[in-house]
Structure formats: structure tokens, C-alpha cells
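All ligand and atom numbering here is 1-based and tracks the order in the structure.
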Amino acid sequence: MQLPKSSQLASRLEWRESAGSTNLELIQLAGTEQLPNFTVYATANQVAGRGRSGRVWETPANSALAISVLLHPPMSSPADLGKLGWLPLIAGLAMSRTVASVLGTNSGNASVPSPKVGLKWPNDVLVNEHKICGVLTELVGNSVVIGAGINLTQTQEQLPIPTATSLLLQGALLPTALAESFDLVLSTYLQNLSELYNRFINLGLDAVASGVRQQIIDGCITLGREVRAELPDGTSVLGRAATIDDTGRLVLDVNGQVMPLSAADIVHLRH
Ligand code: BT5
């Protein structure tokens, strides 16, 4: 498949006609040879996509992209490991901007209301409250694989849950040639991801000084919402999502008490 724009942005582009899980296959490849920072492993036919906590990511062939990017963040101390928690948020914001930009090509058409695109903490991109992308980040030694699944042309019937959506369902005018539409979405994402990632690492993985935290806050539609946080221990808590703190945690206001969360599934309760 010819992907000229994406090939220019990746240090190395490994495109596969089909793959099990792109994250897993990139991790396996990285175990057999030295891969450069920003190696990209992608397919439009992922047959064993993984979500978080053992969940699955399901996409019919040629209707969605599965993209995994290998990063070697420069780390100068063990404390830097904790800063890698920003990477899923960075990837989510990069994809959120990608979706907004692809949908924005319709903005000349006044009959199509502009969709509300944003990042749902910690790893989803939503369009009008429907999930269009999920991010799964995995640590491999001191390197990171960031996986993103983005729905392109599924119909509602082809999506696994009623609250999922695709670019096509949201009215995107994608190029009719498959390769062109894959290259458009992949290259826009890689461009957005590299801009944010470089800004972050150039300031020593400092999300605050680099302005990355503020950009994530600005793009995060969870903030200000009443939410239910489902915690890893099986309990859940209700509160208002107040902010994202200096370490990337979602800070809930629970009846006036501050509760920072580093891992949780968030349900947006009302508009
Ligand atoms: C995620 O997990 O959303 C992370 C998905 C990451 C997928 C990428 S694709 C490239 C890379 N390689 C992989 O193997 N994985 C990554 P989580 O937050 O756990 O959400 C999973 C839930 O999303 C499922 O339980 C479904 O409810 C829903 N879901 C599954 N497929 C979906 C789809 N295509 N669109 C929207 N929602 C989906």
C-alpha cells in the first residue's frame, strides 16, 4: 500500500495487510531488532485488537486503522518513568486534533452542525459523546508503544457498541481511494503526535513547562462534567471532574473533597 505522506513522517513505517494486535506485533519486532524512535506499525485489518484490562478492540477489515508507535523517551532519572503517564493523554489529544481536522473539511457546509470532538480522560476520543478512538499504551523496558485505534468508515451496525462512532458516520468526506484515506488519517495523526511529543521531551518530559498539560486540559471534555469513576478495585465514586493535575491524574471533586485518580474508567453522567 502506498502511503507517501505517512512514510515521510515515520522513521520507519511497517504497514501490514493484516495483523493480530499491532501493539503486540510491534513489541515483538522491537525484541528482535533495534528499532528507531517513531517506528510506526499499522494496519487496516487488525484481527485481535486489545483494549485495556483485557478488553477487546473490534474493527471489521478496511474500515478502521490500528496504529502503534514506538517511542524511546529520553530519561535522565528513575523519576522520569512516572512522567510517561502523560503519553496516553498526548496520543489522545493528537488523535482528537486529527479527528477534528478530518471532520473540519466539512465546515464549509452550513447544513452540517460542527461536531464536538474531544479527549475523554484517560484514553478515548469522543465525537458528540460517541467513542471514535481508543488508546492503549504499553511500556517495554524504557520504551513505550502507543497504540491507537481509529474508526473510519464503519456503519452503526458494524460497531460493537451503540455509543461508538466512525468518521463516516460523523459526516467526514474521506477520499474514495482506500490508500488515500488511510494516508490522510495516519499522516495527520503522526504529525500531531510528533509535534506534541517533541514539545514534551524537549522540555525534559515536563508537561507543565512545555504547555502540554494546558493543551490537554483545553482539549479534555471530561473536565467540568459529573462523572462516575470506576476504580481498579471494583468500587466506584461519583464526583465532578475538576482538573488534571501536574502528574496527569484526573482530580475529582467529591462533595468538596479532592480525589486525584491515576487509573479509572470514567463514565460521563450528564451534559
Ligand atoms: C481502548 O480500551 O479503548 C483501547 C483500544 C486500543 C486499540 C488500539 S488499536 C492499535 C493498538 N493495538 C491493539 O491491540 N490495541 C491498540 P478500553 O478503554 O478498554 O475500551 C475497550 C472497549 O471499547 C470495549 O470493551 C468496547 O466496549 C469498546 N470498543 C471496542 N471496539 C471499539 C471500536 N471499534 N470503537 C469504539 N469502541 C470500541
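Ionic pairing of D245 and R213 is not present here: no N-O contact between side-chain nitrogen and carboxylate oxygen is shorter than 4.0 angstrom.
Placement of V251 and V254 in two distinct hydrophobic clusters is found when ILVMFWY residues are connected by side-chain heavy-atom separations under 4.5 Å, directly or transitively.
For H72, the side chain to side chain contact (heavy atoms under 4.5 Å, CB included) partners are N37, L70, S143, not counting sequence neighbours. Under the side chain to side chain contact (heavy atoms under 4.5 Å, CB included) criterion, S96 pairs with V117, V125, sequence neighbours left out.
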Could you pull out every donor-acceptor pair under 3.5 Å between side chains of residues 21-30 and any protein atom, sequence neighbours left out?
unit_1	atom_1	unit_2	atom_2	d
S21	OG	N23	N	3.4
S21	OG	L24	N	3.1
T22	OG1	Q46	OE1	3.3
T22	OG1	S68	OG	2.8
N23	OD1	S68	OG	2.6
N23	OD1	G147	N	3.4
N23	ND2	L136	O	3.1
N23	ND2	E138	OE2	2.8
E25	OE1	Y41	OH	2.5
E25	OE2	G20	N	2.7

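In terms of heavy atoms, H268 sits closest to V227 at CD2-CG1, 4.1 Å.
The residues lining ligand 1, counting any heavy atom closer than 4.0 Å, are S21, T22, N23, Q46, G49, R50, G51, R52, R55, V56, W57, E58, T59, A66, I67, S68, N123, D124, K131, G134, V135, L136, G147, A148, G149, N151, P160, I161, A164.
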